[in-house]
Amino acid sequence: MRNATIQAVIELAEKDKNVFLLTADLGFSVLEDFQKKFPKRFFNVGVAEQNMMGIAAGLALSGKTVFVYSIIPFVTIRCLEQVRNDICYHNLKVRIIGIGSGLSYAHDGYTHYATEDVAVMRSLPNMTIVCPADPLEAKALIKSSEFYNGPIYIRLSKGRDVSIHAKLNSFKIGKGIVLSKGTDATIVASGNILAQAKEVCEHLKNKFSVGLISLPTLKPLDEKLLLQCARKTKALFTIEEHSEIGGLASAVADILSRNNTGVFFKPFALPDAFIKTIADQKELLDRHSLSARALTKRILIVLEKLGKK
Amino acid sequence: MNKTMNIKHIVRFTQEIRKDILKYHAKTGRSHVGSSLSCVDILIALYFGVLNITPGRAQMKQRDIFILSKGHAVSALYAVLTKKGFMSKDLFWHCLLPGHSTKDCVPGIEVSTGALGHGLPIGVGYALAARFDKSRSRVFVLMSDGECNEGSVWEAAMFAGHNRLDHLVAIIDYNKIQALGRTQDVLDLEPLRDKWASFGWEVKEMDGHDVKKMIRVLKEVPLKKNKPSVFIMHTIKGKGVSFMEDKVEWHYRSPNEELLKTALKELSAP
């Protein structure tokens with residue numbers, strides 16, 4: 001996902017000489033191509049994220065499109081005031097690429113987890129948040145960002161790229177992608193946990209008609225599509241690798257409560273807690289009932305109950 | 001103010017602007033009058049003798065960039081922007097203006113500030129862009145001494161030194177008082193000159209109230225090719241009003257009618 005994203009940034013930089021890339025000393029084996037191709041537009045600012053965000057703002061105020069790159073906590077909460085005051089207030093063309101969505105950095109422990117980032121970034125005016133599910137979505141996002149004004153927070157997973165889409169017909173920031181339609185329930189997932197959501201649908205397909213939506217853009221949310229699903233299906237489930245506070249679940253709940261759809265809604269997310277168990281990402285997700293197996297079980301219980309009514 | 005002004009005229013000019021600042025604070029009851037009086041001579045030197053900027057042409061290419069990183073001293077900036085013709089007098093005396101330097105609320109402000117330690121990193125970004133674009137634009141960032149407590153200032157200082165950003169000029173309003181006390185008691189900055197020099201900057205110390213000399217020197221930046229320049233301006237907090245000078249309390253207080261009268265009288269004395 002990281003490589004696909006940076007390749008797309010390189011393609012953008014080849015077209016537009018105002019594209020810059022900054023890193024706070026991270027991105028080994030990911031950023032070298034850009035650096036080699038555009039040495040004058042690449043800066044490793046050192047381990048100094050506040051400064052990096054200020055520099056990005058100054059460059060963008062001078063008409064540049066600036067990509068900044070680091071691990072998620074370091075480009076979000078570490079330098080939050082710079083993101084808010086310098087980038088969001090001035091509504092600048094800065095693209096914050098954060099690596100390690102959710103528990104991607106499993107073995108590295110809680111300092112490297114990104115489990116509150118969406119909640120924090122969602123609250124910033126002018127901020128757009130996109131969490132691509134696979135390399136195709138990531139590439140399409142970078143391409144479609146070319147003429148998109150204002151800051152974008154790009155939330156990427158780390159680790160092996162899982163391809164979910166065979167091909168992507170259209171991608172628009174702010175729009176969800178319908179993978180399948182269903183009448184009993186809709187599952188909405190954001191980010192690479194979409195892979196698990198897809199597996200869940202496979203497991204359920206013999207018993208229930210379940211639709212699947214990928215929702216890469218977490219802000220602004222595709223309200224129209226969500227309301228359509230809420231009105232056409234009996235149940236709506238969200239799946240995300242983020243705290244249950246302030247992420248996809250909260251965003252969807254906001255819309256549902258404001259529109260009084262009456263749909264049964266159940267979110268699946270990480271708990272509001274620091275995770276202290278050390279294990280790989282798959283194991284951690286399993287322990288928090290976010291593996292495909294656990295999710296299938298939980299959704300099945302709900303759907304069977306609803307079916308009996 | 002123009003090039004042929006002699007020292008007597010300059011003093012009168014700075015006094016007129018100081019009076020505007022005092023009236024503004026008396027009228028609005030806002031804090032930070034001491035901070036504004038401390039740096040207003042630096043602003044006058046920049047706006048009337050150094051910066052390549054033109055009112056009404058805010059987005060002019062190759063213009064110089066000024067960032068008031070000590071955004072709380074914005075009343076001094078308002079008074080100067082009004083005198084220079086960026087802001088209308090009506091807008092200034094309307095007084096419903098932000099208490100920190102805020103873009104989009106008044107014309108002539110490039111970047112919003114208010115939280116300390118933001119201006120220099122942004123200035124670095126502007127300077128990088130200017131170098132990349134081969135522009136003549138220079139970037140001036142005015143900071144307070146207390147602001148130099150912020151880690152982000154030194155992150156930017158290290159980067160600018162390492163990257164030899166000679167488009168960048170930092171100016172420190174060194175009045176030796178910060179919000180709760182003397183800088184040497186709160187968090188000593190000394191040896192300030194050595195700190196900046198060791199980060200790769202060319203340093204010059206000056207009297208931050210000598211407008212004529214500041215214009216002469218600031219016009220010629222960079223102090224040294226391939227190095228960022230920093231000016232440590234020695235100033236007096238509350239400068240120009242005897243009872244405000246070098247007093248912590250005027251970081252917060254605003255003059256009542258009686259004190260305003262006394263202050264204006266002092267500034268009208270020949």
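Not measured: the values here are computed from a predicted model. A, B, ... follow the sequence lines: proteins, then strands. Residue 1 opens every chain.
- In terms of heavy-atom proximity, A/K40 sits nearest to B/F132 at O-CD1, 4.0 Å.
- Rounded to the nearest 0.5 angstrom, A/N91 CG and B/K103 NZ are separated by 11.5 Å.
- Looking at A/K64, the atoms closer than 4.5 Å to chain B (heavy atoms on both sides) all sit in the side chain, from C-beta outward.
- To the nearest 0.5 Å, the span separating CG on A/N85 from NE2 on B/H100 amounts to 11.0 Å.
- Environment of CZ in B/R164: sparse, with no more than 12 heavy atoms of neighbouring residues, nucleotides or ligands closer than 6.0 Å.
- The shortest heavy-atom contact between B/S152 and A/Q50 is CB-OE1, 3.7 Å.
- Among all heavy-atom pairs drawn from B/I122 and A/A57, the shortest one is CG1-CB, 4.3 Å.
- Between the side chain of A/Y89 and the main chain of B/T102, no donor-acceptor pair closer than 3.5 Å is present.
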task = Walk me through it: do A/F43 and B/N163 pass the test side chain to side chain contact (heavy atoms under 4.5 Å, CB included)?
result = CA-CA 10 Å; A/F43 289 94; B/N163 286 282; 4.0 Å; yes

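- The number of heavy atoms from other shown groups lying within 6.0 Å of NE2 (A/H107) is above 12.
- Within 6.0 Å of CZ in B/R57 there are 12 or fewer heavy atoms belonging to other residues, nucleotides or ligands.
- Looking at B/V111, the atoms closer than 4.5 Å to chain A (heavy atoms on both sides) sit in the backbone and in the side chain alike.
- The local environment of CZ in A/R122 is crowded, with over 12 non-hydrogen atoms from other residues, nucleotides or ligands closer than 6.0 Å.
- Panel note: side chain A/H90, backbone B/S112; a donor-acceptor pair is recorded below 3.5 Å.
- The two atoms that bring B/E155 and A/N51 nearest to each other are OE1-N, 2.8 Å, heavy atoms only.
- Heavy atoms of other residues, nucleotides or ligands lying less than 6.0 angstrom from OH of B/Y252 number more than 12.
- Counting heavy atoms of neighbouring residues, nucleotides and ligands inside a 6.0 Å radius, atom CZ of A/R78 does not exceed 12 of them.
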